[in-house]
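Report on the following structure.
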Number of protein chains: 2
Amino acid sequence: MTPNDRITRIRKDLEALIGTGSIVDDPAAIARTSRDTWVISVWRGLTRVPQPQPACVVRPRTTAEVAATITYASRERIAVVPYGAGSGVCGAILAPAGSIVLDLGAMCALRAIDQRALLATAEAGMLGSDFEAALAGVGFSTGHFPQSIALSSVGGWVATRAAGQFSTKYGNIEDLFVAFEAVLPSGSIIRTRPVPRAATGPDLRHLFLGAEGTTGVLTEVTFKIHPLPEASERQAIAFASMASGLEALRRILRAGWRPAVLRLYDEIEAGRMFAGVAAEGESLLLVLTEGPATMAAAERVAVEAICQAADGRLLGPAAVESWLEHRNKVPEFEFFLNQGMIVDTIEVAANWDRIDDLYAGVLAAIREVPGLIVASGHSSHSYPIGTNIYFTFAAKPDRPEDMEQLYFRVWDAAMAATLAAGGTISHHHGIGRVRLGWLERELGSAYPVLATLKRALDPLGIMNPGALLPEPD
Amino acid sequence: MTPNDRITRIRKDLEALIGTGSIVDDPAAIARTSRDTWVISVWRGLTRVPQPQPACVVRPRTTAEVAATITYASRERIAVVPYGAGSGVCGAILAPAGSIVLDLGAMCALRAIDQRALLATAEAGMLGSDFEAALAGVGFSTGHFPQSIALSSVGGWVATRAAGQFSTKYGNIEDLFVAFEAVLPSGSIIRTRPVPRAATGPDLRHLFLGAEGTTGVLTEVTFKIHPLPEASERQAIAFASMASGLEALRRILRAGWRPAVLRLYDEIEAGRMFAGVAAEGESLLLVLTEGPATMAAAERVAVEAICQAADGRLLGPAAVESWLEHRNKVPEFEFFLNQGMIVDTIEVAANWDRIDDLYAGVLAAIREVPGLIVASGHSSHSYPIGTNIYFTFAAKPDRPEDMEQLYFRVWDAAMAATLAAGGTISHHHGIGRVRLGWLERELGSAYPVLATLKRALDPLGIMNPGALLPEPD
């Protein structure tokens, strides 16, 4: 059978199974859902590098259609790539040739908001911003605000272990994710129940959290919600250095405070994004506390005192207001690629005893790569035991054909420096393909367990092969 | 080979492998480590019901000895039962005939306290109270205080998904557990690194959290710690009914407050444990807030206001002080069994929309069992989405030989009523053997995934067979 005959047969089979209404015809839509927003996929698209083509894109309307598709794929040993909204930046979605893409975009209904139990349930393909808007309409929120909120799906949040801008108070997605429905690689449907906490064996949510679609397809998710907070207070603080700002963050968390937002920009980012707010060379910390009025106020006052004791200089709330307004606007990768430059972000994390080494070590390592133009970082998710650093770099090769090589040299330098400092190679973007070669060094002796899990849940290896784990030979 | 020959051979083999120093000879020690504190095991011991005997009890001093023992057991297909400190009350430890018990009691060293990264690492067999004492000695705490703290091991906390009395502020064990070393059923050793948070695939900690020793043996655990809090405030509050007290709890959590302790006793327990504190027929809520002084005070004031708005009556701090002093003293099961009575506890949980039905439904169901003397409950772990109820019952059969039958009738009534109300069958004691027959109804369509996990990690089925999951035929 030629590849084209095979594609025709898969399409026909799926049409017979679930009807033509759920099969995508539009070539642009097929191209769009075959990959995520990894800058390398964008670059290959712009430069017309031939990319693998899926056999078919299915856009199911029901869990039954997802199950039918996967049952078929399992029987025929066809790779299945679940696509949420495609905002991932690590290449977790890069449909192999001849695969079936499951675009969950039509499964976007809000199923329920329980205002007493503080739970909200949605189909996995619902956009994050639609979900939050529905909650806000009745006075609630998840407290989960990834920068991609308007571009990412609620199921994708779980699959990638997302983190939101208010995570220091409300937690990351694993803290908010209560129950789910999923289709296993066998095609069978499982559902869990929302309970506050249970000791009933290993927590099965974690088979899907961060699995990047390699263990099955989430079709419905239930998250915790909370009433919109009574009060919110803001303050911006300047520090002479990133190290003194990080020290202030450490003390805030250590004392037991959990401001919703703690974002510390290094001098380069403070200068670029908040020109004129802090002095030249200073780092800038944005603080937002929220909750009951007395809590938000006590927390803001305490945070200010801790920062002043760490030589911070209070600047007032204006920079926080400005950030709140513009926080989800970022230039698109194409903008830079069209100028022959590649820009990307690398988010890593480490404990407080290692964070200064991590910040300095990664910057030093990537600045040594010839072609690097600029590198900077900020901390956006802090914990009592450590914090993340979200690096941004721009690089420009002498020749466009060296773009990918330059890109991977920067990434390799950052990953090696992160591990050398004792950090973790990903805080919240995941593995996809960009970190694939580094996961074994990250997990060390525990790495084989990941492959054991994958084989157990997906013995035929059909679910999103090539993401998270290498394809078996 | 006779069973005795087999036992002799296993013993000799293990002596050759790890030396006689790590093999337990004392019959009392062997009997003690062959089972946990499940009241049925206690009853069978008291009434001299013949119980299965392990082939051998190994008391390893190092991870290498654990690995050597498991490698041997795997090769010889011998069941391995990891024993921490034996405080479990669900029968998770009940060594099958001919098995090898791995008593981790000699692996009880504190490995490290990192006062900057706020991490502490101990060998898995270290007693909880020793661990906390070591931390307190340098001004720190995990914030994890199960009632069993002096009788349970830090590894056991993870294996059973333990919850402590201060969990509303500090979280349950899954929120505190950062990294581990474990020996897999194959005998290979894996270690993970402590990082603040990562998006590097499924979180492998959850293969051991709550697995009750069925997926391997934890040999070292790392937990989050925090400096001892600056301030602590206490208040006791009386409510006319359990329902009005539960409503106050719901509002406290919903508003965003997280007092370290929120314990609501129903009228029976309030009368029995705090005689004279509340009026006859009233429920009693104990509140303890802690943290920075301004936080602890703001929280105490807010909680008082919420409780008063829910018709609570402030009683002052005395009852909380009294509870703090006596909180870990409970009468032993033997005391009641020797009087022909059986006493046990059943902890379950539900979301706020179901909790009143759960509380009333379980009590009504177990009170219908002939032979039941008294049943009562309290809530001890609250969440924004729900709370637990910790039931206590006493029952007395007409004839001692009907003791077990009566016991299981009460348990079955409680489990059925919990599921009927939409609750979860275990909040923090686990499954063991007492809930074994109910786990499939708890997990429903997701239940087979648990067996898939078990087979993947322990294909020979040697790790703690008969706990959590039924033994394969």
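Convention: sequence-line order gives letters A, B, ...; per-chain numbering from 1. Just so you know, these numbers come straight off a predicted model, no measurement behind them.
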Exercise. Using the side chain to side chain contact (heavy atoms under 4.5 Å, CB included) rule, take A:Asp203 and B:Leu209 through it: C-alpha gap first, then chi angles, then the decisive distance, then the call.
Key: CA-CA 8 Å; A:Asp203 184 341; B:Leu209 271 161; over 6 Å; no

Could you tell me which of [options] has the largest number of non-hydrogen atom pairs under 4.5 Å with chain B?
| options | value |
| --- | --- |
| A:Val301, A:Thr387, A:Ile431, A:Thr294 | A:Ile431 |
| A:His226, A:Lys224, A:Glu212, A:Met295 | A:Met295 |
| A:Gly201, A:Ala302, A:Ala349 | A:Gly201 |
| A:His429, A:Arg250, A:His428 | A:Arg250 |
| A:Gly386, A:Ala456, A:Ser426, A:Gly430 | A:Ser426 |
| A:Leu469, A:Leu457, A:Leu439 | A:Leu439 |

Under 4.5 Å from any heavy atom of chain A - which part of [X]:
| X | value |
| --- | --- |
| B:Ser188 | neither |
| B:Arg191 | both |
| B:His381 | neither |
| B:Leu184 | side chain |
| B:Ala162 | backbone |
| B:Ala198 | both |

Heavy-atom contact with chain B under 4.5 Å, split by part of [X]:
| X | result |
| --- | --- |
| A:Pro194 | both |
| A:Trp257 | both |
| A:Ile385 | both |
| A:Thr160 | backbone |
| A:Ala117 | both |

Practice problem: Please test A:Thr200 against B:Arg435 for side chain to side chain contact (heavy atoms under 4.5 Å, CB included), starting from the C-alpha separation and ending with a verdict. | Solution: CA-CA 9 Å; A:Thr200 53; B:Arg435 290 179 167 103; over 6 Å; no

Chain A interface, residue from [options] that has the most non-hydrogen pairs under 4.5 Å:
| options | value |
| --- | --- |
| B:Pro196, B:Gly210, B:Ala163 | B:Pro196 |
| B:Pro384, B:Gly256, B:Ala199 | B:Ala199 |
| B:Ala211, B:Pro448, B:Ala298, B:Gly291 | B:Ala211 |

Quiz item: Quick one: which residues of residues 168-181 of chain A reach chain B at under 4.5 angstrom, heavy atoms only?
Solution: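 Against chain B, the residues of residues 168-181 of chain A that fall inside the cut-off (heavy atoms, under 4.5 Å) are A:Asn172, A:Ile173, A:Glu174, A:Val178.
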
Quiz prompt | Heavy-atom side-chain proximity of B:Ile189 to A:Ser445 below 4.5 angstrom | solution =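 With C-beta onward as the side chain, the pair stays apart.
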
Exercise. Please tell me if the side chains of A:Pro202 and B:Thr214 come closer than 4.5 Å, counting only heavy atoms from C-beta onward.
Key: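 With C-beta onward as the side chain, the pair stays apart.
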
Exercise. Would you confirm whether A:Arg197, through its side chain, and B:Ser382, through its main-chain N or O, come within 3.5 Å as a donor-acceptor pair?
Key: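 Here the side-chain-to-backbone pair does not exist.
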
Quiz prompt | Nearest-0.5 Å distance, CG of residue B:Asp353 to CG of residue A:Asp114 | solution =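 If I round to the nearest 0.5 Å, the distance is 4.5 Å.
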
Self-check item: Pair A:Leu419-B:Arg193, side chain to side chain contact (heavy atoms under 4.5 Å, CB included): steps then yes or no
Solution: CA-CA 11 Å; A:Leu419 291 173; B:Arg193 295 184 299 130; 3.6 Å; yes

Practice problem: For A:Ala446 and B:Thr192, work out which heavy atoms get closest and say how close. | Solution: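 Shortest heavy-atom separation between A:Ala446 and B:Thr192 comes out as CB-CG2, 4.1 Å.
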
Exercise. Run the salt-bridge test on A:Arg254 and B:Glu230 with the 4.0 Å N-O cut-off and return the result as yes or no.
Key: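 Salt bridge between A:Arg254 and B:Glu230, a charged N being under 4.0 Å from a carboxylate O: no.
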
Practice problem: Could you check B:Leu207 against A:Leu453 for side chain to side chain contact (heavy atoms under 4.5 Å, CB included), going step by step and ending with a plain yes or no? | Solution: CA-CA 10 Å; B:Leu207 301 177; A:Leu453 258 188; 4.2 Å; yes

